[in-house]
Amino acid sequence: MEKDQDKIISDVTTTEYKYGFYSDIEMDRIPKGLSEEVVRLISAKKNEPEWLLEFRLKSYHHWLTMKMPTWPNLKIAPINYQDIIFYAAPKERKNTGNIDDIDPELKKTFDKLGIPLQEQKHLAGVAVDAVIDSVSIKTTFKETLAEMGIIFCSFSDAVKEYPDLVKRYMGSVVPYTDNFFATLNSAVFSDGSFCYIPKGVRCPMELSTYFRINSANTGQFERTLLIADEEAYVSYLEGCTAPSRDENQLHAAIVEIVAEKNAEVKYSTVQNWYPGDKDGKGGVYNFVTKRGMCKGENSKISWTQIETGSAITWKYPSCILRGDNSTGEFYSVAVTNNHQQADTGTKMIHIGKNTKSTIVSKGISAGRGQNSYRGLVKVLKNATNARNYSQCDSLLLGDKCGAHTFPYLEVDNSTAIVEHEATTSKIGEDQIFYCNQRGISTEDAIGLIVNGYAREVINKLPMEFAVEAQKLLQISLEGSVG
Amino acid sequence: MLVINNLKASIDGKNILKGISLEIKPGEIHAIMGPNGSGKSTLAAVLAGREFVKVTEGTVTYFGKNLLEMAPEDRAKEGIFLGFQYPIEIPGVSMVNFMKTAVNEHRKFKGLEPLTASDFLKMMRDKKELVEIDSKLANRSVNEGFSGGEKKKNEIFQMAMLEPKLAILDETDSGLDIDALRIVANGVNKLKRPDNSFIVITHYQRLLDYIVPDIVHVLYDGRIVKTAGKELAFELEEKGYDWIKKEIENTVS
């Protein structure tokens, strides 16, 4: 019987990363390396206005003065920035909005990923902005949304068509000096999504961006800017995959959200970058800065993330609760299997009165994975009656993995109530055997137990993606218990 | 259906079962009684396939197959059900989801299509009624926050859902009040058919007031020391296990 179990485990640990294929697309790549010239070249490729080039150069020069942070609980091999290609785009790219203008090979790629580039398909309730390497190739439902005044387009298009909005909000939540990777992004960012929901509009469909890294030796540096004007509502989802490769690839993105008075933004991520093979070779370095500003009264920003991919994840989707009565939420499931490492969590900065924040973090470690929760709850002097509830749970599968919790609390107002709960548990043999005895295989049992553990977070995802996320959790943990 | 022959087993190198032989035919209810530490639960664990129990000698044949070579989930799908003495909690996993997975695994094994959601929910309702279980249980996570009695009733409910050929109830009566005991026993009686069998493991005779066994075995120090009809249970109740112990010690000396 032990032999059987070994066989099952070896069968499933060799389960290949499903999205690891590479598409042979004719690409326009700039030479490797980073310099002022490269920054200028990217800007020129994109025909950018002078003010944006200045922003990039300012960022680049600031970046040169910075050092990579060493505080995360991560082992990161040195990154050679001269060995990375900072811009790669499919040739002949015209995001004309016409499906026929897209390279058939690209269409095939997104079909294979299950991402509909054609409208009125089975995912009719979802508008997609598809980004491959450095550019957005197609944004669906643009016209339908435009009728309501909603702007949903690639970041590059937004720079051309809505420069005032971009100028006003870009860098207002994540300044170019923010941190090493955010500053790098500010210098070399290529594309991403832009979204503006006007006053009083509830966006009628899910908006989503699908990020795909395709080219080798290429970094992806996208930038997303989401603005919900007064009384507006939007639910936004991003997904990510990359081909399986032996070398590490760098992904350093920025997401900025602004919620004005009474606005609500729900931002969900299903992150499935290539995690590396089971010996820890290859995989994406996912160093992301995500931050939302609850600018107006009663505004609300809610982050939900399912992090199953990447060799290394370094991200802290955060909320600045500036408006009185504003609310920030962070729901996270982070899985580390094999040699994956994650240092992830959130920051909730309470500035306004009666601000509320909720943090629910569920770490799952398997194999030799290392999973850290790092969170800051900061209550400023004027944030009367601020409330925070944090819950950090860790689940361990096997005995070679690790779970770590680094909660930071800084409270400068005596009326604040801050609660923190943390648990660590192991999937018990008893639980697995109980399932076995009801006819459920060990693989399925782990899936059930893990999904049960993560349910509170998965329930926060939009319906269509909750099912996907459940499957993904199960797949990424296959073979993790011996 | 089940033939156990000279079964010896140990836990952490300690011999617990010291040569058990037993045959169970379709339609029979066997009671296994005995004092604490006699090996009753270990026997149940061996039959269900727990890995921490090492079988050192003997055979167990189930419908002609070598049971000891089968994985626990295969034993389950072949119709062996263990009612746990201490049912396990699985937080966040709803009973509906858990049972649906289990039932559909059983169906797949039999070459049947999975049940549709509505058929499955109807099945849940029917079985809940059959075993008189509070329907709220099904909306909760598996055993999470259940009282001792609720957990045991939930085991009987799962048994009703999975319709096993051989159900092993490991001290299902322990910690139950009379009402719960009656529900558990009624469940067993209602599920009894000419082609399925039960092994009822119990420390006390009182469960056997409600479930009438065909055969009663007394397990003592890893061996079956006495086998008789249901009257043996009454004798034990009256005289206690000391009577058996003395009898054995006398034979040995």
Side-chain angles (χ1 to χ4, degrees), chain A residues 1-9 11 331 333 360 362-364 391 393-397 421 423-460 466-467 469-471 473-474 481-482, chain B residues 44-45 47-55 66-84 86-95 97-110 141-144 151 154-155 158-159 161-164 167-168 170:
Chain A
M1 237 181 61
E2 266 171 26
K3 256 187 217 154
D4 284 352
Q5 210 124 12
D6 285 349
K7 193 183 166 305
I8 294 170
I9 288 164
D11 279 357
Y331 298 96
V333 174
V360 176
K362 304 262 183 182
I364 302 169
Q391 184 193 330
D393 297 331
S394 307
L395 186 68
L396 299 168
L397 287 82
E421 284 179 31
T423 66
T424 302
S425 51
K426 269 186 96 161
I427 283 199
E429 275 177 38
D430 284 347
Q431 287 177 326
I432 292 175
F433 182 74
Y434 193 71
C435 296
N436 287 160
Q437 214 302 308
R438 299 305 184 242
I440 301 167
S441 70
T442 300
E443 287 306 322
D444 292 346
I446 293 168
L448 261 181
I449 295 165
V450 166
N451 275 309
Y453 166 78
R455 190 164 72 163
E456 210 181 329
V457 174
I458 290 175
N459 282 350
K460 298 285 171 188
V467 180
Q470 280 189 18
K471 280 190 215 146
L473 272 187
Q474 188 155 354
V481 160
Chain B
L47 295 178
R50 285 232 72 161
E51 274 193 36
F52 65 79
V53 188
K54 294 272 168 275
V55 173
N66 181 354
L67 185 74
L68 300 178
E69 278 187 349
M70 292 160 68
E73 59 269 32
D74 293 334
R75 300 182 195 202
K77 288 182 277 192
E78 290 278 11
I80 291 182
F81 177 90
L82 174 64
F84 284 64
Y86 304 107
I88 308 297
E89 298 187 6
I90 310 180
V93 178
S94 70
M95 271 307 292
N97 196 7
F98 180 67
M99 272 288 96
K100 199 169 156 207
T101 310
V103 166
N104 284 334
E105 283 299 316
H106 278 72
R107 290 180 65 87
K108 195 161 97 190
F109 184 75
K110 290 177 192 147
S141 295
V142 180
N143 293 323
E144 195 186 24
K151 283 182 182 173
N154 192 25
E155 294 292 290
Q158 293 178 47
M159 179 171 80
M161 290 292 289
L162 298 172
E163 300 177 329
I168 304 155
D170 187 9

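Sequence lines set the chain letters: A, B, ... in the order given, protein chains first and strands last, and positions in each chain run from 1.
Both the backbone and the side chain of B:Leu82 come within contact range of chain A, each with at least one heavy atom under 4.5 Å from a heavy atom of that chain. Proximity to chain A is limited to the backbone of B:Glu89, based on heavy atoms less than 4.5 angstrom apart. Interface residue A:Tyr434: backbone and side-chain heavy atoms are both found under 4.5 Å from chain B. For chain B, no part of A:Glu456 is nearby; none of its heavy atoms comes within less than 4.5 Å. Only the side chain of B:Asn143 comes within contact range of chain A, judged by heavy atoms closer than 4.5 Å. The contact between B:Ser141 and chain A is made entirely by side chain atoms (from C-beta outward), counting heavy-atom distances below 4.5 Å. At a 4.5 Å heavy-atom cutoff, the contact between B:Pro87 and chain A is made by backbone and side-chain atoms alike. Of the atoms belonging to B:Tyr86, not a single heavy atom falls under 4.5 Å from chain A. For A:Arg438, the parts lying near chain B are the backbone and the side chain together; criterion is any non-hydrogen pair under 4.5 Å.
Checking side-chain atoms of A:Arg455 against main-chain N and O of B:Gly92 turns up a donor-acceptor pair under 3.5 Å. Within the 3.5 Å criterion, the main-chain N or O of A:Ile364 finds no donor-acceptor partner in the side chain of A:Tyr453. The closest donor-acceptor contact from the side chain of A:Asn451 to the backbone of A:Gly447 lies under 3.5 Å. Under the 3.5 Å distance criterion, the side-chain polar atoms of A:Tyr331 are left unmatched by any main-chain donor or acceptor of A:Lys362.
Note that CG of B:Asp74 is 12.0 Å distant from CD of B:Glu69, once rounded to the nearest 0.5 Å. One distance of note links CZ of A:Phe433 with OG1 of A:Thr442; it measures 10.5 Å at 0.5 Å rounding. Note that CD of A:Gln437 is 5.5 Å distant from CZ of B:Phe84, once rounded to the nearest 0.5 Å. Put simply, CG on B:Leu68 and CG on B:Leu47 are 8.5 Å apart, with the number rounded to the nearest 0.5 Å. Distance check: A:Leu397 CG to A:Ser425 OG gives 9.5 Å after rounding to the nearest 0.5 Å.
Note on B:Pro164, B:Pro91, B:Ser94: by heavy-atom pairs under 4.5 Å with chain A, the leading option is B:Pro91.
Residues of residues 103-110 of chain B lying under 4.5 angstrom from chain A, judged on non-hydrogen atoms, are B:Glu105, B:His106 by number.
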Quick one, A:Thr423 with A:Glu421, criterion side-chain contact (heavy atoms from CB on, under 4.5 Å). Give me CA distance, side-chain angles, the key distance, then yes/no.
CA-CA 7 Å; A:Thr423 66; A:Glu421 284 179 31; over 6 Å; no
Would A:Leu448 and B:Val142 satisfy side-chain contact (heavy atoms from CB on, under 4.5 Å), going step by step from the backbone distance to the final call?
CA-CA 11 Å; A:Leu448 261 181; B:Val142 180; over 6 Å; no
